[in-house]
Each structure stands twice: as C-alpha cells, then as structure tokens.
Amino acid sequence: MLKVQIILFDKSVLIQHGLSSVIEKIPVAHTIHFINSSDELLSFLNTSVPDLIISNTELIEKKHIKLIQEIIEKEKIKYISLQTDKTYNSDSIPTADTIELNSNENEILEIISMQIGSLEKEDKSKKKEIISTREENIVREIAMGLSNKEIADKLFISQHTVITHRKNITRKLGIKSVSGLTIYAILNNLIRMDEVE
Amino acid sequence: MVITKDIKMADVIHMNHFSLSILERFGIELGFGDKSVDETCKIYNVDTDFFLEIINAFIHTEYFPKKQLQNFPVKLITDYLQKTHNYYMQIKVPEIESLIEEMVLSCSTQKENINLLKRFFSEYKEELKNHIQREEKVVFPYTQLIENAFYSDKIDKQTLRQMDEYSIDIFEKEHDNIEEKLYDLKNIIIKYLPQPNNKTLCNKLLHELFGLEKDINDHSRIEDKVLVPKILEMEKGIRKKAGLKV
Ligand SMILES: [Fe+2]
Ligand SMILES: [Fe+2]
C-alpha cells in the first residue's frame, strides 16, 4: 500500500500539531496535509483524493457540505469528525468515528489506527477481486478437500451449480487441480495452512 | 520450416534450442560440425526418418497427424517414449526439485510459500511416476504383444484373451493430461505468488516448467496420436484374421 494520505482540518494550530504528533506514533507510512479553511478543503478534494479526513465538521461551510459529502461518499474516504463542542455534528457527512477534544492519547490512537487498518484491509480485498466472494467460498471448500456433492450440500446449492462455479474459477484463475487451488487459497488468505489436511 | 535429412544438424538446434533434449534422448552428442541430420544420425545409429518425424512433431505442433510415423515398428516408438520417461524422472524432475530447494534455502521472506510449491511439485512427481509406470508396465508390453500377433501367421487364443482383458482404447480413455498440473504451477508462480527475493531463481524455475510442460505435451501427443491409432489398426487386423467381428 502507498502512503496513507491524511487531511487534518482545524483552525487551531494547537489541535493540528497535537493530533499530528499522535498520528506520528502509528507505524504506517503517511503524509499529513494541514488545512485551515472550508474553501481550502474543497479545493484539495477537487484535485486529489486523501484516504482519511480528520476534520472539525463545524468549520465546513454550509454551502460546501453537500459537495464535500458527495466526494467523501464517492471516493469512499474515511471521515473522522473532530468534536470541539458537543453541540454540532453534521449528519449529512458519513462519519466513520469521532474524536472528542477531551479524548486521551490512547483513545485517539485507537480511533485513527482502526480507520487506517480498515483501509489496508480494503486494499487487500481489491487485489483479489478476480473471483467473486461466492467463488472464493467454493475455492475454500475445495481446498478443505470437500467433494462437489459435499460443497453443494454445505452451501445449499445444486451440484450442477458447483460444477459451473468450478469451471468459472478455473477459467479465471488458470488453475485446475485441487492442490493448485489449495495453494491459491492459502496465498490469498482464504484458508490457513494448518486447516489443510 | 520442416526439417529434412539434408539440413545441417547445427541449424536444427539454432532453430529451436529445446530440441537439444530430443538429441540427448537419441544419444546424439554435440560437436557435429557441419554434418547433416542424416550423416549425424548414421554415426549414432539412429533411424533418420524416425528422428525427422520426432523432431518435426516436436518443433511444429501442427505437424501431426502424419501417417508416416505410424509405419515405424512399435519398439522404435516405445523405446523413444521410454527414453523420454527416463529423461523426465532422472534429469528434469531432479533439476526442478533442486531449483525449488535452492529457492527455499535462499528465500528469507517467503519460505512458507515456497514450501507450498515444493509440496505441490513432489505430489506432481508422484503422479508422473505412476503415470509412467503404468505405461511401461502395462501399455508398452501390450503394444508389443499386439504387434507380434499382427505379424504372426496365426493368432493364438491367449492373445485374444489378453485383448479382451485390455485393449488400447482403455488406455486412450484413462490416459490423463499429466502436464495439466504444470500449467497450474506456472500460473501460481506467474500470477499469485508474491515475488520471492531471489527473482533469478524464480525465473529459472519458470523457464524449466515451461520446458517440461512443452516436452510432456509433445510426448503425450506421440502416445495419443501415433501409438494409439497404430495399435487400434492392428487390433482390428488381428480380429479380422481370427475371424472375429471387427
Ligand atoms: Fe509416457
Ligand atoms: Fe503418457
């Protein structure tokens, strides 16, 4: 995975630097962009796509909210809301989590790490999207040594469907044999090494 | 270009260096200077026509099926096939095994994954061994029996009984694509294995797998397209001679 791009949006220099010093403690390659105004945030989002936004939602101007919300949803950007006051939290921007001003360092670390962690997971799953989740399940069962009939019974589908899935799997992956599919399953974390045999 | 008996043997190698392994099987050694295919074959006591058919079939996959190969004695064909078997089991497979072993030893980041390849290949070796054993113990002796009977004046009961028990169409049906798994292994390395730190070794391994796959493919083609039809014909002839329904 490339460097995680993080936007820090708050007017207070103290908050920006405080947060960035906490983020530095997370052992993931990243770049932090400091942003001070709603205009600046929008123009940043118009030119590049960050992975994570930590922002004081209150500071986003009303006229920008809809646009920003659309970009965040479309690009699946993680949004952490920075709450300086308990009064305001826009419900239009899909918020992944909230950092409160009085949170301690561990709490903040945990919230940000979780979001970065989920980014990595999505990155991995993007890579192996060659076969569908259904097909993945079938590869898993094949690797476990189940026969077509056993797979059909277990997944409540007909044997015929299992055979069709197997054909598609072989065509997509270029792997036909059970032992070949087993290696594929292990390499792609569909199954653990110790689950085989 | 189809190879003929007057072409220089050296040019055959230049044309397709994979044919080195064919020469090795015929016991032909390098250093043939400017001698032609025919001259070289004579020195090594190799049937030139048979050599030409084999090498052409190997270089041009579309060269088959040619009736001519079927005129050669069964023994010539099965001897060649057997030599190829030896070449796989005694040279190629150990070579690949030691490459994989080397990869396991030199790899720091992917040991577990390379061990998966190792296990896959040792499974494959077992299958190949069984495949070959079946051919050498059952199929080849049977083909010799059929040829002998075909050329003898009268057909004895024992031959007919053996034909009842086993016939070449059984082989035709049970003869599996033994190179298929090599294709799997290649794809795993090319598409799915995270690159190990020793890329040179990995590429060497791939190269070997491509070579072996092609070779086995060609070998199976001779079994399926030459040996099987030849024996089928002879079986028919024998039945006819014995006054049975064909
Ligand atoms: Fe064979
Ligand atoms: Fe074979």
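All values reported here derive from a predicted model rather than from experimental measurement. Because only heavy atoms are used, hydrogens play no part in the values below, and waters and symmetry mates are left out as well, while side chains stay in. Sequence lines set the chain letters: A, B, ... in the order given, protein chains first and strands last, and positions in each chain run from 1.
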Do other residues, nucleotides or ligands put more than 12 heavy atoms under 6.0 Å from the NZ atom of B:K129?
no

CD (B:E112) and CG (A:L187) are apart, to the nearest 0.5 Å, by 10.5 Å

Pairing residues for B:E179 by the salt bridge (Lys or Arg N to Asp or Glu O under 4.0 Å) criterion, not counting sequence neighbours:
none

Look at atom NZ of B:K75 and say whether more than 12 heavy atoms of other residues, nucleotides or ligands are closer to it than 6.0 Å.
no

Kindly check if the number of other-residue, nucleotide or ligand heavy atoms within 6.0 Å of NZ (A:K66) is above 12?
no

Within the supplied structure, the quantity of interest is the number of heavy atoms (other residues, nucleotides, ligands) at a distance under 6.0 Å from A:E110 CD; does it exceed 12?
no

Is the shortest side-chain heavy-atom distance between B:F120 and A:S177 below 4.5 Å?
yes

Rounded to the nearest 0.5 Å, how far apart are CD1 of B:I188 and CG of A:L181?
8.0 Å

With a 4.5 angstrom heavy-atom cut-off, which part of B:L193 approaches chain A: side chain, backbone, both or neither?
both

Would you check if the side chain of B:Y192 reaches a backbone N or O of A:L173 as a donor-acceptor pair within less than 3.5 Å?
yes

When you look at NZ of B:K83, are more than 12 heavy atoms from neighbouring residues, nucleotides or ligands closer to it than 6.0 Å?
yes

Could you tell me whether the side chain of B:D184 and the main chain of A:K176 form a donor-acceptor pair under 3.5 Å?
yes

Can you name the closest pair of heavy atoms from B:L116 and A:I183 and give their distance?
O-CD1, 3.7 Å

Within the supplied structure, the quantity of interest is the number of heavy atoms (other residues, nucleotides, ligands) at a distance under 6.0 Å from B:K214 NZ; does it exceed 12?
yes

Return the CD to OG1 distance between B:E180 and A:T170, rounded to the nearest 0.5 Å.
9.0 Å

A:M193 CE to B:R119 CZ distance, which is reported to the nearest 0.5 Å
8.5 Å

Distance check, rounded to the nearest 0.5 Å: A:I175 atom CD1 versus B:K181 atom NZ?
12.0 Å

